[in-house]
Number of protein chains: 2
Amino acid sequence: MSIDVGARLRSVRLIYGLSQRELARRAGVTNGLISLIEQNRVSPSVGSLKKVLDGVPMSLAEFFTINVEETPQIFYGDDELVEIGSDDVSLRLVAARRPARQLTILRERYAPGAATGDDALAHRGEEGGVVIRGRIELTVGGTSRVLGPGEAYYFSSSIPHRFRNVGREPCEIISASAPPTF
Amino acid sequence: MSIDVGARLRSVRLIYGLSQRELARRAGVTNGLISLIEQNRVSPSVGSLKKVLDGVPMSLAEFFTINVEETPQIFYGDDELVEIGSDDVSLRLVAARRPARQLTILRERYAPGAATGDDALAHRGEEGGVVIRGRIELTVGGTSRVLGPGEAYYFSSSIPHRFRNVGREPCEIISASAPPTF
DNA sequence: ACAACCTGTTTAGCATCATGGACGAAATGA
DNA sequence: TCATTTCGTCCATGATGCTAAACAGGTTGT
């Protein structure tokens, strides 16, 4: 549940082949603090954690992104396409069972006339995709464009956006987004 | 230089349309703490920052990844599919011109018999994709499997991996990886 | 054996964070 | 107008992070 900052810090320190004292010296903190953090006996302030990571160097974003356990896991096949959409808009998620994915990959299918909703979507991250079949109208931040098979798109997910199938046949898209939205 | 945790938190809170008190209630902390953090008058412990973000909800990784300035940029269409592959393996990159992408999205085309190379690939991050057409043999960490249209895959890119078209027709895949490899 | 150095851990005390409540300003409603 | 609600900020106090120094165990070298 918790982040296990201690294990993360220990693993990055060892990756860089540093002792607690050496890292402490580079970071301008005490070795004792490194020890306490690695044992999870304190929850460091963001300020001191940043100082520590500056000694490596590594950004806070990277620190919280790295996967410590490194559970090599492979997901294959049709089974991994888990349905999460509605009737008109079918979303199939790749590797849904995998914990802590860095990516959401979807096969999206829009029935003729179907759309992602009346309100535009807006969330963190970036997303993009490629149209496989059919024609889709993509509205991003006020401007619209119709995309056909083979065409692609990419934008910041925080800009309000909406998809709508304006063709007479079903439309299919492969999309990806990071950080994961599902 | 510093991270300006305060401004980040404030912008996140406002994106979600919450007051300091409402966020505090959801997070299980006091409104005063939210106020102090947003003014950068304290450097919150990782533990409390996590509690706060759980109220949104947002991960620490996302929190430190978000770009406060947010340059809205949209990439559309066929133009954005930039060719980067060889003769047998064609890779077209979505939104190649966009700086600092968080995602690599590729349309990959393998001629019959073509492969990603004699040596297996291994790099940081995660990747996945969906087969659109043809049949591809995917080898990840010693085990192989042949995937057909509609099937999907997902794995840690650090595991050595290799793609090979084992069918008689061209194979097409839409893939995504993060962090970006191209 | 012994010293000199390394490792990570522990502890007392001080600095900082986090709480609960009080405060004034601004908006809402009767 | 006056009461009520909600906003963000501020303050005293208790909780916790952080430092400096001591400690125990392991390795190297003389």
Side-chain angles (χ1 to χ4, degrees), chain A residues 1-66 68-70 122 124, chain B residues 1-66 68-70:
Chain A
M1 189 69 262
S2 57
I3 305 271
D4 201 354
V5 172
R8 290 180 112 83
L9 179 57
R10 171 155 287 170
S11 86
V12 311
R13 177 172 66 80
L14 295 178
I15 285 171
Y16 283 88
L18 302 176
S19 68
Q20 290 183 347
R21 280 183 161 81
E22 176 59 19
L23 174 56
R25 193 190 61 74
R26 298 190 188 188
V29 299
T30 58
N31 63 306
L33 177 58
I34 307 287
S35 176
L36 293 171
I37 294 174
E38 292 190 355
Q39 296 172 80
N40 283 321
R41 288 179 46 185
V42 296
S43 173
S45 76
V46 171
S48 22
L49 182 57
K50 173 158 181 13
K51 278 191 356 192
V52 170
L53 293 178
D54 283 346
V56 176
M58 172 179 282
S59 74
L60 286 163
E62 290 175 83
F63 180 77
F64 287 109
T65 304
I66 59 167
V68 174
E69 13 206 319
E70 197 62 47
R124 278 298 331 150
Chain B
M1 196 66 272
S2 53
I3 303 274
D4 201 353
V5 172
R8 287 179 114 85
L9 179 57
R10 171 155 287 170
S11 85
V12 167
R13 177 171 64 82
L14 295 178
I15 285 171
Y16 283 88
L18 301 176
S19 69
Q20 291 182 347
R21 279 182 161 81
E22 176 58 21
L23 174 56
R25 193 192 60 74
R26 298 191 188 188
V29 300
T30 56
N31 61 307
L33 177 59
I34 307 286
S35 176
L36 293 171
I37 293 174
E38 292 190 355
Q39 298 171 77
N40 284 320
R41 288 179 46 186
V42 298
S43 175
S45 78
V46 171
S48 0
L49 182 57
K50 173 162 186 359
K51 271 171 44 175
V52 170
L53 293 178
D54 283 346
V56 177
M58 172 178 283
S59 73
L60 286 163
E62 289 174 82
F63 181 78
F64 289 110
T65 304
I66 60 167
V68 177
E69 344 207 340
E70 200 62 53

What's the [atom1]-[atom2] distance between [X] and [N], to the nearest Å?
X	N	atom1	atom2	result
B:Glu38	C:dA18	CD	P	14 Å
B:Leu33	D:dT9	CG	P	13 Å
A:Leu36	C:dC17	CG	P	17 Å
B:Asn40	C:dC17	CG	C1'	14 Å
A:Lys51	D:dG17	NZ	P	16 Å
B:Ile34	C:dC17	CD1	P	15 Å
B:Arg25	C:dT19	CZ	C1'	18 Å

Nearest listed nucleotide, side chain of A:Asn31, among D:dG17, C:dA18, D:dA21: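 Given the options D:dG17, C:dA18, D:dA21, the side chain of A:Asn31 is closest to D:dA21.
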Kindly say if [X] contacts the phosphate of [N], meaning a side-chain N or O under 4.0 Å from OP1 or OP2.
X	N	result
B:Arg10	D:dG8	no
A:Arg21	C:dT9	no
A:Ser19	C:dT7	yes
A:Arg13	C:dG8	yes
B:Gln39	D:dC10	yes
A:Arg41	C:dT10	yes
A:Gln20	C:dT7	no

Sugar-phosphate only, base, or nothing, as touched by B:Ser45 at under 4.0 Å among non-hydrogen atoms: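 Sugar-phosphate: the residue B:Ser45, judged by heavy atoms under 4.0 Å, touches backbone atoms but no base.
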Sugar-phosphate only, base, or nothing, as touched by B:Ser35 at under 4.0 Å among non-hydrogen atoms: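 Base contact - B:Ser35 has a heavy atom under 4.0 Å of at least one base atom.
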N/O donor-acceptor pair under 3.5 Å between A:Asn40 side chain and A:Gly6 backbone: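 Side chain of A:Asn40 to backbone of A:Gly6: a pair is present.
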Inter-residue atom distance A:Gln20.CD - A:Leu36.CG, 0.5 Å rounding: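 So the gap between those two atoms works out to 9.0 Å.
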Side chain to side chain, B:Val52 and B:Phe63, heavy atoms closer than 4.5 Å: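 They are not in contact (no side-chain heavy atoms under 4.5 Å apart), so the answer is no.
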